[in-house]
Amino acid sequence: MANETEHLGLYKADPVADGEKTFNIDIMLNENWNRIDEAVGDMDTVPTKQKTAAGAIKEIHQAAVEAQEEINAHVNDTQKHVSDTDRPKWDGAAEEVSDPHTKELMLSPGVQVVEVENDTPFNFGEIKGRTLINLSTGLRNLERWKVHTTGAALELVTDVTDQGSASLKATVKASAPGEYTASWSLKERFDFGSIGDEGATFLLVARVRNGTAKRANVEILSGIFMGDLPVTDSTKFTTVRKAFSRSKNEPNTFDMQIRVTGQNGDTAYVDGIRVYRIADMIDDALIGHINNMDRDEANKLYPYVDAMTNVHNPYVAITGANQLPPFTKWEYVNTKAVVNGPYEYTQTEDDGTWTQVKLPLKAMTTHRISFDGTNGIRMRIKSSDEAITLWDGVSGSTFETGVFNEVRVYVHATAGTIRRPILTVGPEPQPFQPQQRSIWAAECNLAANPVDGSNPDTLFMGDDGLPYVLEKWKKVTLDGSLNWSIGDTTPKGAKQVKVAGLAVGSVPASGHASKYDGKYIPTGATGDAPDLQAVSVNGSFYISISNADSGWGDKHTPDADEIKAYFLGWKMYDTSGADPTAIGTYNRTDGLHKGWTPLQSYDGNIYKGGYKGSGTPNTIPSTANTTYYSKSRTWQPYRLQYLKTKPTIEPVKNYETGATLCAGANMVEVGSGIVLREKANPVLTNAKDMLINSSFPGEDSSKLKHRVKQIYSIHRDSATDWTWTRQLTDMAYGKERAIWYSGVGFDPSAVYHVTYTMLDPTLAAPILGTVAANLRGTVSDLVQHTGDMERRLSVVEMQKADAVEDTGWIKVPPLNGWIHYAAKPLRFRVKGNLLYIEGILQGGTTATTTQLFNLPITLKTAYGCWLNCITWTGANTVQPLQCSITTSGIMRINAGTADTYISFDGVGLLIEGLEVKKS
């Protein structure tokens with residue numbers, strides 16, 4: 001008898017009972033297949049990787065086994081596991097130690113706040129060069145202005161300034177009551193330069209502050225007067241700006257006018273006047289954009305510069321943790337105060353002069369100051385011009401910087417003690433920390449096309465962790481060290497002079513130059529008119545000089561030494577008595593009565609003082625070589641820059657690369673004009689104090705090379721010296737000097753170096769860099785910086801190993817007929833970076849450029865070096881002779897003609913990068 005299977009109910013025939021029956025396909029097969037298919041179902045819908053019944057079952061079984069194992073392990077696990085609430089914290093920690101992340105920073109000129117999570121190095125990226133040329137430079141010289149209003153006065157003042165050390169003060173004068181408009185314009189118009197068929201676009205910018213007048217303005221006149229809205233604000237300097245165009249057919253010169261409206265005695269102040277060429281075409285869109293932009297933005301985008309100015313010595317100064325420096329670094333400390341420690345100060349008794357320091361802070365930002373004080377002693381914060389008090393109190397509080405990006409912090413001159421003062425960014429109280437300050441800086445000069453900014457030099461970091469410049473523009477100081485000669489043609493009222501081969505490798509006609517008074521000298525036909533220059537196709541440089549500037553008359557042709565004297569700052573004149581003011585020219589043909597007067601001594605009417613040496617001057621004017629020497633106007637060497645046909649990569653020789661951001665908010669200042677570790681010459685005063693950078697007579701030998709805006713640090717030998725106090729005083733060369741009170745502990749055998757910023761206007765540029773954005777990135781940066789330091793240390797050690805400590809005295813074989821003087825043969829000695837020469841040569845070829853001998857040395861400088869020797873035939877014919885050493889060690893006569901003997905006794909030259917050739 002037939003039956004069914006237990007689970008699926010499949011039909012099963014009985015072989016005995018059903019053996020005689022006919023085979024039924026539906027019953028015996030098809031119905032059974034349908035039951036099986038229905039039982040198995042659609043295997044494609046099974047949520048397993050395996051799609052067969054056996055495979056799926058096996059997979060499910062394995063998963064069940066693994067799940068049971070995990071359950072068993074978890075039951076026996078006593079460790080705490082991450083909850084959904086804690087998971088973001090764990091994810092953040094994992095992110096910190098995962099792949100290194102970086103954040104790009106674009107730092108703008110000025111002060112900004114940068115926040116980071118961890119202490120981390122600042123990784124410098126690059127700086128692009130920029131050049132601005134002020135077509136209206138030198139307007140602080142009063143002799144350039146003429147008055148149009150009877151009795152009105154224009155004077156230079158130092159008590160109200162904006163762009164440097166002085167501004168122009170205009171005063172209305174009137175004989176009767178009422179409102180008057182006083183005006184001043186230029187005695188000589190400025191030149192726009194060559195204007196092509198497409199025209200050109202220009203920009204006037206100035207800073208004006210009303211005093212007691214009704215309104216004031218600065219306007220430009222070129223066909224019509226053009227200017228911004230007049231200024232009425234008497235609390236601060238306000239920017240005025242006016243962009244405009246000139247076509248080829250319009251006047252290419254311009255006048256300037258200061259206009260002040262008010263009553264008798266009313267005043268206004270003008271500073272920072274500049275006119276820039278901003279496009280070599282008429283660009284109406286650019287004109288509209290500038291004339292509608294915020295005035296302060298225009299002032300930042302086109303800052304004031306004197307003459308031709310590049311991005312010079314850029315830096316990033318980072319101040320973290322505490323914006324207040326230790327009291328040992330404050331500008332002025334009260335004479336009745338005692339600094340007990342870096343952040344502890346005691347005022348022993350009441351005194352009128354307050355201890356103070358100036359700080360850069362970000363404008364329109366909330367800050368907090370707090371300190372521990374006794375006896376009710378107070379601190380005060382004011383705007384940098386001291387006009388507005390931002391906060392005054394006895395304990396912690398917040399304050400707003402408002403429009404000011406610099407403030408002054410004071411300690412009241414009342415008895416009491418202040419401990420642990422801290423000034424931070426933001427309103428939240430912070431625990432006390434000392435100031436953390438670091439700097440990234442490089443001494444270099446970064447240029448670009450002055451009109452459109454094309455072909456910029458680029459400062460960047462090399463693979464060795466050192467800074468380099470991709471230099472596209474060559475910069476040359478046009479001074480008396482060059483091989484000047486008279487030019488090929490003579491323009492009317494001027495002389496053309498040249499330096500053959502000075503600009504080899506230049507793009508022809510790419511030069512830009514500035515004069516001794518800062519005036520721009522454009523490219524032009526130097527044979528046609530004065531104050532033009534040309535970089536020629538053969539690499540020579542030509543420049544035309546007016547006879548009024550040089551003092552060379554039409555009948556006189558200057559020789560090489562007289563041309564060099566002009567570029568050293570001297571004007572030639574006739575000393576016979578016909579020209580007592582020295583305003584005229586030397587127009588003699590007999591060569592008699594030649595005299596020279598300093599260009600800097602001209603006061604608008606006469607030149608003062610004369611060269612008191614013999615022959616032609618070969619050094620710049622000074623009290624040592626000039627009678628009645630006085631400085632009535634600014635003077636600077638002529639300068640030239642031209643575009644290279646092929647850029648070169650130049651190493652930066654002086655730099656600091658240790659900038660670090662502290663966790664939290666950092667005040668980051670981007671600027672330019674820093675000088676790193678300049679050697680100082682401290683002087684002892686009558687009061688037994690030691691001074692650096694004093695301009696007071698008798699102390700002025702301590703002056704640094706540049707006028708000082710702010711002293712950053714002073715080093716004694718290789719360590720920072722905290723003994724010095726910064727002084728903001730009129731007796732500084734610039735704004736600040738440093739004093740060591742009483743001089744106790746001063747080490748006269750030590751070498752002192754100063755890092756400071758220059759007062760002279762320079763251009764700052766945006767700086768691109770990066771910082772680590774997580775902990776892994778910070779660690780990676782530190783590893784990279786450590787490797788860079790190791791490589792640099794290896795290089796220094798190798799250089800030291802290769803350097804010659806002392807060659808001893810070595811006899812030199814003379815050339816071109818010169819022989820040793822028997823009693824004193826010529827010899828040299830190299831000791832470190834010092835080159836010594838002594839001895840006498842006699843009897844050789846005496847002409848200029850004659851090669852005297854070869855030294856087995858090389859110099860890592862661009863132009864070699866120069867030295868003064870003595871030459872003579874007899875006892876009464878002793879005269880100086882200028883010689884030069886080329887970079888390959890060739891000594892030759894550079895200027896003048898030798899006599900029978902040449903003495904090199906006393907020659908000692910400090911030459912960085914001096915190397916002795918190895919045989």
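No experiment lies behind these values; they were computed from the predicted model shown.
- Side chains of Q641 and N310: a donor on one and an acceptor on the other come within 3.5 Å.
- A salt bridge between R707 and D760 is present, with a side-chain N of the basic residue lying under 4.0 Å from a carboxylate O of the acidic one.
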(message) Would L759 and V708 count as a side-chain contact (heavy atoms from CB on, under 4.5 Å) here? Give the steps.
(response) CA-CA 5 Å; L759 183 60; V708 172; over 6 Å; no
Show every donor-acceptor pair shorter than 3.5 Å between a side-chain atom in residues 411-426 and any protein atom, with sequence neighbours excluded, or say none if there are none.
from, atom 1, to, atom 2, distance (Å)
H412, NE2, D392, OD2, 2.9
T417, OG1, T346, OG1, 2.9

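- Counting heavy atoms of neighbouring residues, nucleotides and ligands inside a 6.0 Å radius, atom CE of M364 does not exceed 12 of them.
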Exercise for the section: Any chance you could lay out the side-chain contact (heavy atoms from CB on, under 4.5 Å) test for M667 and K362, step after step, and finish with the verdict? Expected result: CA-CA 8 Å; M667 200 67 64; K362 182 174 174 59; 4.1 Å; yes
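- With hydrogens and angles left out, the side-chain atoms of N334 and Q347 include a donor and acceptor closer than 3.5 Å.
- For the atom pair N405 CG and E669 CD, the distance stands at 9.0 Å (nearest 0.5 Å).
- The CD1 atom of I692 lies 10.0 Å from the CD atom of E678; values are rounded to the nearest 0.5 Å.
- Residues forming a side chain to side chain contact (heavy atoms under 4.5 Å, CB included) with R209 (at least two apart in sequence, or on another chain): V160, F237, Y269.
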S383 vs D385, test: side-chain hydrogen bond (donor to acceptor under 3.5 Å, both in side chains). Steps then yes/no. CA-CA 5 Å; S383 57; D385 61 2; 2.6 Å; yes
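- Shown here for I318 and A659, the closest heavy-atom pair between the two residues is CD1-CB, 3.8 Å.
- Looking at T309, its side chain does come within 3.5 Å of a backbone N or O of D306 through a donor-acceptor pair.
- With hydrogens and angles disregarded, no donor-acceptor distance shorter than 3.5 Å links the side chain of W440 to the backbone of T660.
- Separation of the F432 and Y343 ring centroids falls under the 6.0 Å cut-off.
- Residue pairs that meet the salt bridge (charged side-chain N to carboxylate O under 4.0 Å, His left out) test with at least one member in residues 292-305, sequence neighbours left out, are D228-R295.
- Without hydrogens or angle criteria, D464 side chain to L466 main chain gives a donor-acceptor distance under 3.5 Å.
- When only modelled atom types and interatomic distance are considered, Y315 and E443 share no side-chain donor-acceptor pair under 3.5 Å.
- Rounding to the nearest 0.5 Å gives a distance of 12.0 Å between CD of E406 and OG1 of T401.
- For the pair Q323 (side chain) and T319 (backbone), a donor-acceptor distance under 3.5 Å is present.
- Looking only at atom types and distance, the side chain of N693 has no donor-acceptor partner in the side chain of S702 under 3.5 Å away.
- Contact annotation: the side chain of E400 never approaches that of T365 to less than 4.5 Å [non-hydrogen atoms, C-beta and beyond].
- Among residues two or more places apart in sequence or in another chain, the side-chain hydrogen bond (donor to acceptor under 3.5 Å, both in side chains) test is passed with T458 by K128.
- Taking all atoms of both residues into account, the shortest heavy-atom contact from K472 to D457 is N-OD1, 2.6 Å.
- Within the 4.5 Å cutoff, the side chain of M461 has no heavy atoms near those of the Y468 side chain.
- At distances below 3.5 Å, at least one donor-acceptor pair connects side-chain atoms of R241 with backbone N or O atoms of M293.
- Taking the side chain as every heavy atom from C-beta outward, S395 and S370 never approach each other to under 4.5 Å.
- Taking 4.5 Å as the limit, some side-chain heavy atom of I290 sits within range of a side-chain heavy atom of Y302.
- Here E115 contributes atom CD and N666 contributes atom CG; the two are 8.5 Å apart, rounded to the nearest 0.5 Å.
- Between S694 and K703, the shortest heavy-atom distance links the atoms O-CG, 3.2 Å.
- Using a 3.5 Å distance cut-off with no hydrogens or angles, the side chains of T729 and Q727 do not pair a donor with an acceptor.
- Looking at E104 and L768, their side chains come closer than 4.5 Å, going by heavy atoms from C-beta outward.
- Inspection of the T120 and N118 side chains reveals no N or O donor paired with an N or O acceptor under 3.5 Å.
- Proximity of the aromatic rings of Y712 and Y756 is defined here by a centroid distance below 6.0 angstrom, and this criterion is not met.
- Scored by the salt bridge (Lys or Arg N to Asp or Glu O under 4.0 Å) test, K236 finds D233 as partners (sequence neighbours excluded).
- Legend: residues meeting side-chain hydrogen bond (donor to acceptor under 3.5 Å, both in side chains) with N134, ordered by chain and number and at least two apart, are S136.
- A donor-acceptor contact shorter than 3.5 Å is absent between the side chain of D351 and the backbone of K336.
- With hydrogens and angles ignored, the 3.5 Å screen pairs no side-chain donor or acceptor of K653 with any backbone N or O of P651.
- Under 4.0 Å is where a charged nitrogen must lie from a carboxylate oxygen, and between R207 and D162 at least one such pair does.
- The shortest heavy-atom contact between M106 and P766 is SD-CB, 3.7 Å.
- The number of heavy atoms from other shown groups lying within 6.0 Å of NZ (K709) does not exceed 12.
- E656 places no side-chain N or O within 3.5 Å of a backbone atom of A441 that could act as its donor or acceptor partner.
- Between F746 and Y752, the ring center distance clears the sub-6.0 Å criterion.
- The CD1 atom of I711 sits 7.0 Å away from atom CG of L704, with the distance rounded to the nearest 0.5 Å.
- One distance of note links CD of E650 with CG of L470; it measures 9.5 Å at 0.5 Å rounding.
- Annotation: cation-pi geometry not satisfied between R677 and Y655 (NZ/CZ under 6.0 angstrom from ring centroid, within 45° of ring axis).
- The shortest side-chain heavy-atom distance between F124 and I767 falls under the 4.5 Å cut-off.
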Requested in this report: Dump the intermediate steps for side-chain contact (heavy atoms from CB on, under 4.5 Å) on L107 and F122, then the final yes or no.
Outcome: CA-CA 11 Å; L107 302 175; F122 170 72; 3.9 Å; yes
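- Annotation for A337 and Y345: closest pair CB-OH, 3.2 Å, computed over non-hydrogen atoms.
- What you find for A738 and I714 is that their closest heavy atoms are CB-CD1, 3.5 Å.
- Side chains of V469 and L446 form a contact here, defined as non-hydrogen atoms less than 4.5 Å apart.
- D747 CG: more than 12 foreign heavy atoms inside a 6.0 Å radius.
- At least one donor-acceptor pair closer than 3.5 Å links the side chain of Q112 to the backbone N or O of S108.
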Audit row: V668, V316, side-chain contact (heavy atoms from CB on, under 4.5 Å) steps and yes/no = CA-CA 7 Å; V668 179; V316 180; 3.7 Å; yes
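- Taking 4.5 Å as the limit, some side-chain heavy atom of L359 sits within range of a side-chain heavy atom of L324.
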